Amino acid sequence: MQFPVTYGILKPVTSLLAKATGGIAVEKVRVRFAPSPTGKLHIGGARTALFNWLFARHTGGTFVLRIEDTDLERSTQASVEQIIASLKWLGLDWDEGPEIGGEYGPYFQSQRLHLYEDKAQELIEKGRAYLCYCTPEELDAKREEARRAGRPPRYDGRCRNLSEEECAKLAAEGRQPVIRFKVPETGETVVEDLIRGRVVFQNSLLDDFVLIKSNGMPTYNFACVVDDHAMGLTHIIRAEEHLSNTPRQVLLYQALGYEIPKFAHVPMILAPDRSKLSKRHGATSVEEFREQGYLKEAIINYLALLGWSPEGTEEILPLEQIVKEFSLERISKNAAIYDVKKMTWINGHYLRELPLERIVTEALPFLKKAGLIGEEPTEEELRLATDSIALTRDRAKTLVELADGVSYFFKDDFTYDEKGVQKHFAPEGTAERLREAQKRLAEVEPFNAETIETAYRNLAAELGVKAAELIHPTRLAVSGRTIGPGLFELMALLGKEKCLERLDRAVRYIEAGLPALRQAEGALQG
RNA sequence: GACCCUAUGGUCAAGUGGUUAAGACAUCGCCCUUUCAAGGCGGUAACGGGGGUUCGAAUCCCCCUAGGGUCACCA
C-alpha cells in the first residue's frame, strides 16, 4: 500500500473568536457533508447536506465537503461528479472541499491514507488497538455459529493478545492483518446529542471493530473520526442511522485524545411505505427530480420542511428566510415519510411565482427534449416559448407538464382529446358554428384577445347559443385539448393564420370523421 | 435476536402540565369562471394501548405495541 499524496498542515485547530462583547470565546462553526460516492445524491443525502449548509450559513460558519471514498469496490468517479453536480445545482456551495481546496485538505479520504495509518499506529502503540489475522471466512463462520446458538455475533477478541511470534507465524501463512480497536469491556459510553439528548451505550455490547482493513483502507468509523477532528469540525450533523455508530466514534475520540464535537442526529427520510429509500420507490435522487421538472427552489424548500419547521405558519419560504430562521432546536426527532405531492405543490408555487425569464430558462431544456424547439433556439422560438410559458405556467406543476402544456403552440400535428371530441365536436351543428366562427375571425383586425372575444360573444348572441358552445369546440380545434389558458389569449398568441387553419382542419375532421363516430355510438346504444 | 431512536389526522407538522389540539399538503363541498389551474370560503380527519405522578396530562415516569436504525475488512 502506498500513500501517494502529501497533504499540508493538518492542524487540529478550532478557530476561536473572541466575542466583541465580554470576551467570551466562541467557537466558529465548522460542519461538513461527507457523502460516499457510491451512487447519485438522494434526497436523504441532500437533506443532510442542506441542514449542514443551513447551519453553517446561519451561524456564519464554514461548510466543508468531504468525499468518503474508502470503499474501493463501490466508489466511482462518476458518482463523485454526480454528487458534486447535484449539490451545485441545488446551490449548496461549500467553502472547502473538492475543486476549491482549503487548508485542511485534501478532501478525498483516498488521498489521506497515511493519516489514518499514522493514527492507527499511534493507537497500537498506546495499546488501544491491535493486529488481527482472522480471515473474513473465519469470521463469517463464527458469526454464523453464534447466530445459530442465539448469541450476539460479536468478534471474540481472539487476536487481542497475540505475541510477536504468533503474529509472525500468522503473517508467514500469508495472512494480511486488519487493525482492530480495543473496546473497553466494561463501563458505558455516552453520546450527547443536540437533538436526542443523552444516549447511553454499554461498552460490553460493542465488539473490537476494525480500524484499518486488510487492504490498507480505513473503515468508516475510523476515517470519519480522524478527519472530523483533523478538519476542525465543531458539529457533526448527520442522519440518525449513524447514531448507533457514534459510541464507537466517541471511544475513538477519547482514545486519540481528541475533543469530542457536538453531535446532531437528524431524523431519517423514509419512503411512503415507511421503509428506507431505495430505487424501487421511484424517483429518489436529486437528479431524477430535476429531470422530472422540479425546480431547485421547490426541492430545497420542501426538504427544509422535512424534519425542521419554521416558527411561523408560512411554509413557502425563500432560502434567505430559511437561513435566517434555521436552528438545530427546531429539528424534530421522528423519521419523516416524504410526500411527493406536497413537493409538487411547492413546485407549482415556484413555477408561477418566480420571474418569468427564470422559468423560461429552466423550461428550455424540456422544450428541446420534447422536440418543440431546436438545440439552438431561434429568436422566434424563444419569443414563442416565453409568451406561451407566460400563459401556461399557472397551470403546470412541473417543467415537464409545462413543456407539454405549451406543445400545441409549436406543433400543428396534435390529435384531439378523445373525450373532448365526444363532448364538443359531436353535438349537432358544431361544424357549422366553427365555420361561422372561422369566417368571423378572418375579419378580426387587429387580432388580439379583446377583439377576438368581442367577435365570439357577438357571434354567440347572433346564433342564439351560449358563448361556451362556441368556446369549447374552438379550444379543442385550436389546441386539441379541453383544458388550457384563456382561449382568447391563447388564440391571440397563436395568430390569426394558425387559428383559421386549425378551425378549418377541425371542421373537415368533424365532417369526415364524426358521422362514423355517431353511427358507431348509435349502434352501441341501440 | 440484542442494543439504540421514535410515536399528534392519509402525509409533513405546531405544541414543552390547564388550548375549542395550530397550520400546510392531500381529500370533499361551495364560490369565482369559457375549460383547467390559481384564488376565496367551508367540511371530514389526530394525541397507538395500558398503568401511574398530578387538582389537572398530547406534554412527566413505567410497561406493552408498532415503526425505524445499528450490530460488516459498507458508509
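Throughout, a chain's letter reflects where its sequence line sits, starting with A, and its residues are numbered from 1. Source: prediction; values computed, not measured.
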- Message: Does Asp339(A) contact A26(B) through a side-chain donor or acceptor facing the base, at a distance under 3.5 Å?
- Response: no
- Message: Under 4.0 Å from OP1 or OP2 of G67(B): is there any side-chain N or O of Lys333(A) that close?
- Response: no
- Looking across every strand, which nucleic acid part, if any, lies under 4.0 Å from Arg352(A) by heavy atom: base, sugar-phosphate, or nothing? sugar-phosphate
- Message: Please determine whether a side-chain nitrogen or oxygen atom of Arg393(A) lies at a distance below 4.0 Å from atom OP1 or OP2 of A38(B).
- Response: no
- Item | Side-chain donor/acceptor of Glu314(A) to base of G23(B), under 3.5 Å | no
- Query: Phosphate oxygens OP1/OP2 of G69(B): is one of them under 4.0 Å from a side-chain N or O of Ser244(A)?
  - Reply: no
- Locate the shortest heavy-atom distance separating Arg196(A) from Lys333(A); write the atom from each residue and the value. NH1-O, 2.9 Å
- Task: For A75(B), take OP1 and OP2 only and decide whether either is under 4.0 Å from a side-chain N or O of Thr70(A).
- Result: yes
- Task: Look at the aromatic rings of Tyr416(A) and Phe414(A) and report parallel, tilted or perpendicular, splitting at 30° and 60°.
- Result: perpendicular
- Task: Check whether more than 12 heavy atoms from other residues, nucleotides or ligands sit under 6.0 Å from atom CD of Glu173(A), and answer yes or no.
- Result: yes
- Message: Partner lookup for G42(B), please. Criteria are Watson-Crick or G-U wobble with both distances under 3.5 angstrom; report none if nothing qualifies.
- Response: C28(B)
- Task: For nucleotides A22(B) and U33(B), find the distance between their C1' atoms and express it as a whole number of Å.
- Result: 33 Å
- Message: Of the options C73(B), C12(B), U34(B), whose atoms approach the side-chain atoms of Leu487(A) most closely?
- Response: U34(B)
- To the side chain of Lys276(A), which of U35(B), G23(B), G69(B) is closest? G69(B)
- Item | Lys397(A), nearest nucleotide to its side chain (from A37(B), C73(B), G69(B)) | A37(B)
- Query: Do Tyr220(A) and Ser36(A) get their side chains close enough for a donor-acceptor pair, meaning under 3.5 Å?
  - Reply: no
- Does any nucleotide pair with U6(B) by Watson-Crick or G-U wobble geometry, both distances under 3.5 Å, and what is it? A66(B)
- Both distances under 3.5 Å, Watson-Crick or G-U wobble: report the partner of C71(B), or none. G1(B)
- Message: Return the pairing partner of A57(B) with a 3.5 Å limit on both distances, Watson-Crick or G-U wobble; otherwise return none.
- Response: none
- Out of G69(B), C3(B), C12(B), which has the shortest distance to the side chain of Met268(A)? G69(B)
- Give a yes or no on whether a salt bridge exists between Arg180(A) and Asp207(A), defined as a side-chain N under 4.0 angstrom from a carboxylate O. no
- For A14(B), which nucleotide is its Watson-Crick or G-U wobble mate, given both distances must be under 3.5 Å? none
- Item | Donor-acceptor pair under 3.5 Å, Arg395(A) side chain vs C36(B) base | yes
- Task: Return the nucleotide paired to C36(B): Watson-Crick means purine N1 to pyrimidine N3 with N6-O4 or O6-N4, wobble means G-U with N1-O2 and O6-N3, both under 3.5 Å.
- Result: none
